[in-house]
Amino acid sequence: MSPVAHLDAGVSSEARDPSMSRGPSRMPHTAASALEKIRTIVVDDHEHIARLVANRIATLITEKQAAGERTVLGLATGSTPIGVYRELIRMHREEGLSFQDVVTFNLDEYYPMRPDSIHSYHRFMWENLFAHIDIAARNVHIPRGDVPRDMVDEECRRYEDAIAREGGIDFQILGIGKTGHIGFNEPGSGAESRTRVVHLDAVTRRDAAADFFGEEFVPREAVTMGIATILEAREIAILATGEHKGAVVKRAVEGAIDVEVAATFLQHHPNTTFYVDRAAGADLTRIATPWLLDEVDWTPELTVRAVVWLSAEVGRGILKLTQRDYAEHKMSSLVARYGTPGAVNGEVFNTLGAKIRGKSKLPRDQRIICFSPHPDDDVISMGGILRKLVENENQITVAYMTSGNIAVFDHDVRRYVDFLERLAGEGKVDPSSVRPLAATVYEFLEHKRAGDVDIPEIQDIKRLIREAEAVSGLEVMGLTRSHARFLNLPFYQTGKVSKDPIGPPDVAIVRALLEELKPDLIFVAGDLSDPHGTHRMCKEAIDEALAELRSAGTGTEEPGTGNTPQSPSVPGSRFPVPAVWLYRGAWQEWPVTDATYLVPMSQEELRRKIQAIFKHQSQKDSAPFPGQDEREFWQRVEQRNKDTAATLDRLGLAEYFAMEAYVVH
Ligand code: F6R
């Protein structure tokens with residue numbers, strides 16, 4: 001099953017109906033919509049949200065233009081609305097959508113902040129939208145982060161006046177922070193608040209740390225429109241994507257209005273729509289536990305999920321669940337379907353048990369590519385299975401998709417250059433090539449400021465550091481450097497945290513590898529979200545390459561399962577579509593309910609996997625992008641793999657030391 005296919009039940013029908021995509025969609029009145037105090041639309045992915053919201057904006061602009069009126073848009077920054085802006089730019093270029101009669105007001109700006117800084121929201125908006133459409137610069141308004149402190153209040157008043165002069169905001173786009181902030185209205189912002197300077201919450205500053213190359217460089221304050229300013233917009237679209245937003249989406253949509261969660265104030269607004277992708281909507285009751293709300297269609301997937309949930313709720317193994325447990329948790333209809341609780345229990349128990357795959361049940365003698373977005377995801381996320389696949393004598397290639405070079409500290413570069421100089425000093429390498437390189441590197445690093453893009457020499461050194469670490473990690477797995485391919489996809493090579501979109505050159509590189517190696521099975525990082533999106537983009541490149549191969553007719557046979565050897569391929573001939581096994585990145589594991597396969601590991605196997613992770617020394621101790629979790633990667637891995645095994649144990653299945661989980665696509 002698809003990892004999220006079971007969510008279908010919760011996706012509103014309007015969201016699937018293209019005819020509804022040019023106007024605000026209304027949810028049918030059901031038990032779910034009674035619980036949800038903001039109209040909420042759950043769609044497949046962020047592109048779908050982008051299309052819906054951009055269509056709505058385009059309709060508004062066109063209607064107002066026809067009536068001879070200007071459209072006033074309230075805009076947000078951050079990662080979430082970028083897709084909407086891309087779609088608006090496309091509509092401008094391809095469909096002639098004009099922004100000449102559009103006036104914009106942005107929600108916020110860091111304070112202090114120069115407009116030309118790489119971190120400024122002025123720059124963000126020009127780079128991501130305004131520079132690519134026909135909007136007049138005088139119609140663009142963004143709070144200023146560069147006014148002296150004693151003039152900020154006056155500037156905020158002027159901002160409010162300017163909005164009022166335009167007749168108020170017609171359509172406001174919002175993102176949502178993990179604190180529930182909208183704009184930068186952090187916990188404690190009141191319903192009456194207006195444009196003003198605010199202190200940023202510690203969580204918000206930590207979330208922004210990667211963009212600023214360190215939390216200490218994130219400004220402590222910001223200028224933001226207030227809650228009252230936002231609520232005066234005639235229509236509001238609030239957007240959330242990614243599982244890291246799941247909890248706050250549920251809180252904002254289903255929870256009580258609370259000054260500690262600014263987004264809950266939107267429950268008062270008469271025309272707000274919350275657009276979420278499947279990952280961000282996964283915690284909503286109608287999706288997480290729909291049987292608590294209404295009659296449900298007990299599909300096999302939903303049955304497994306519900307029984308596993310029930311077992312955790314009552315704290316007993318699956319085979320010990322009773323009629324009373326089912327009745328008390330609104331699951332009697334499930335028992336009725338099976339006749340007895342024992343029958344349901346047995347079915348789910350066996351389903352979970354069948355997912356367990358030790359070495360003897362894993363692929364043997366096959367061609368396998370493990371696509372690793374960064375050089376370390378292979379061992380972090382699938383170090384256990386990788387070793388077993390080596391032992392099963394498969395032909396393995398690990399394809400590192402990006403260099404991961406922005407995550408290497410400058411001090412590591414200094415260390416390696418120093419090492420090179422020492423080698424040169426002893427005559428082991430040519431000093432005349434080492435010295436100029438060392439001088440260039442030291443000179444740049446001496447004057448480098450936080451956030452400066454590295455010169456090519458340093459980007460290359462950082463890339464090579466990670467390549468060498470990756471090979472060292474593979475050796476722990478029993479592989480050699482000949483098993484590694486470094487694809488160095490172009491989309492990643494910006495030198496910045498933000499990346500280019502996936503383009504034809506990226507897809508071509510992946511496709512060429514697939515055509516060359518003709519794998520029976522590929523492993524892909526299947527993250528629904530990750531802190532900086534690289535995993536998601538790498539998956540996009542693989543998906544597109546596979547789609548191209550399919551439509552080119554080179555891979556039109558049925559996909560393999562990854563368990564049975566495919567017929568040998570002749571160069572240039574058709575080859576089977578490879579089986580695709582998805583693994584999770586460093587942050588989360590697949591829940592046992594979603595996993596297709598659960599791969600047990602012994603203590604020694606887990607120890608070996610951790611040894612391989614240790615080889616990624618540049619990411620040890622304090623990786624530059626550790627996310628919210630302060631533990632090192634190996635610690636998270638150890639916990640996550642032991643937790644998966646413990647979950648199975650609690651459900652009453654076998655007691656393993658540790659486990660990895662995979663979803664077959
Ligand atoms: C940005 C803004 C913020 C963001 C929020 C979510 O102008 O006002 O409220 O919308 O922090 O940010 P992302 O989209 O990056 O998760």
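Quick caveat: nothing in here was measured; it's all calculated off a predicted structure. In each ligand, atom 1 is the first atom listed, and ligand 1 is the first ligand listed.
- The N/O atoms of Asp108, backbone and side chain alike, include one that comes under 3.5 Å of an N/O atom in ligand 1.
- Here the heavy atom of the protein found nearest to atom 9 (O) of ligand 1 is Gly183 O, 2.7 Å.
- Considering only non-hydrogen protein atoms, atom 16 (O) of ligand 1 sits nearest to Lys245 NZ, 2.6 Å.
- Ring centroid separation for the pair Phe184 and Tyr111 does not come in under the 6.0 Å cut-off.
- Proximity of a side-chain donor or acceptor of Glu155 to a complementary backbone N or O of Arg196 within less than 3.5 Å is not detected.
- When the options Asn405, Thr402, Asp376 are evaluated for a side chain to side chain donor-acceptor pair (under 3.5 Å) with Arg466, the one that passes is Asp376.
- Which parts of ligand 1 touch Thr80 is read off a 4.0 Å heavy-atom cut-off, strictly below it: atoms 13 (P), 14 (O), 16 (O).
- Residue His181 has at least one heavy-atom neighbour below 4.0 Å for each of these atoms of ligand 1: 3 (C), 5 (C), 9 (O), 11 (O).
- A donor-acceptor pair under 3.5 Å is formed between the side chain of Glu186 and the backbone N or O of Asp201.
- Counting heavy atoms closer than 4.0 Å to ligand 1, residue Ile176 contributes backbone atoms (N, CA, C, O) but none from C-beta onward.
- Counting only heavy atoms of the protein, atom 15 (O) of ligand 1 lies nearest to Ser79 N, 2.8 Å.
- In this pair, Tyr110 and Tyr121 present their aromatic rings tilted. The plane angle is within the 30 to 60° band.
- If you look at Thr77 next to ligand 1, the close heavy atoms, those under 4.0 Å, come from the backbone and the side chain alike.
- Applying the 4.0 Å criterion to heavy atoms of Gly78 picks out, from ligand 1, the atoms 14 (O), 15 (O).
- Between the side chain of Lys245 and the backbone N or O of Ala240, no donor-acceptor pair lies under 3.5 Å.
- Taking the six-membered ring wherever Trp is involved, the centroid distance between the rings of Phe105 and Tyr159 falls below 6.0 Å.
- Considering only non-hydrogen protein atoms, atom 10 (O) of ligand 1 sits nearest to Gly175 CA, 3.2 Å.
- Under a 4.0 Å criterion applied to the non-hydrogen atoms of Leu107, ligand 1 contributes the atoms 8 (O).
- Here Arg194 pairs with Glu160 in a salt bridge; the nearest charged N to carboxylate O distance falls below 4.0 Å.
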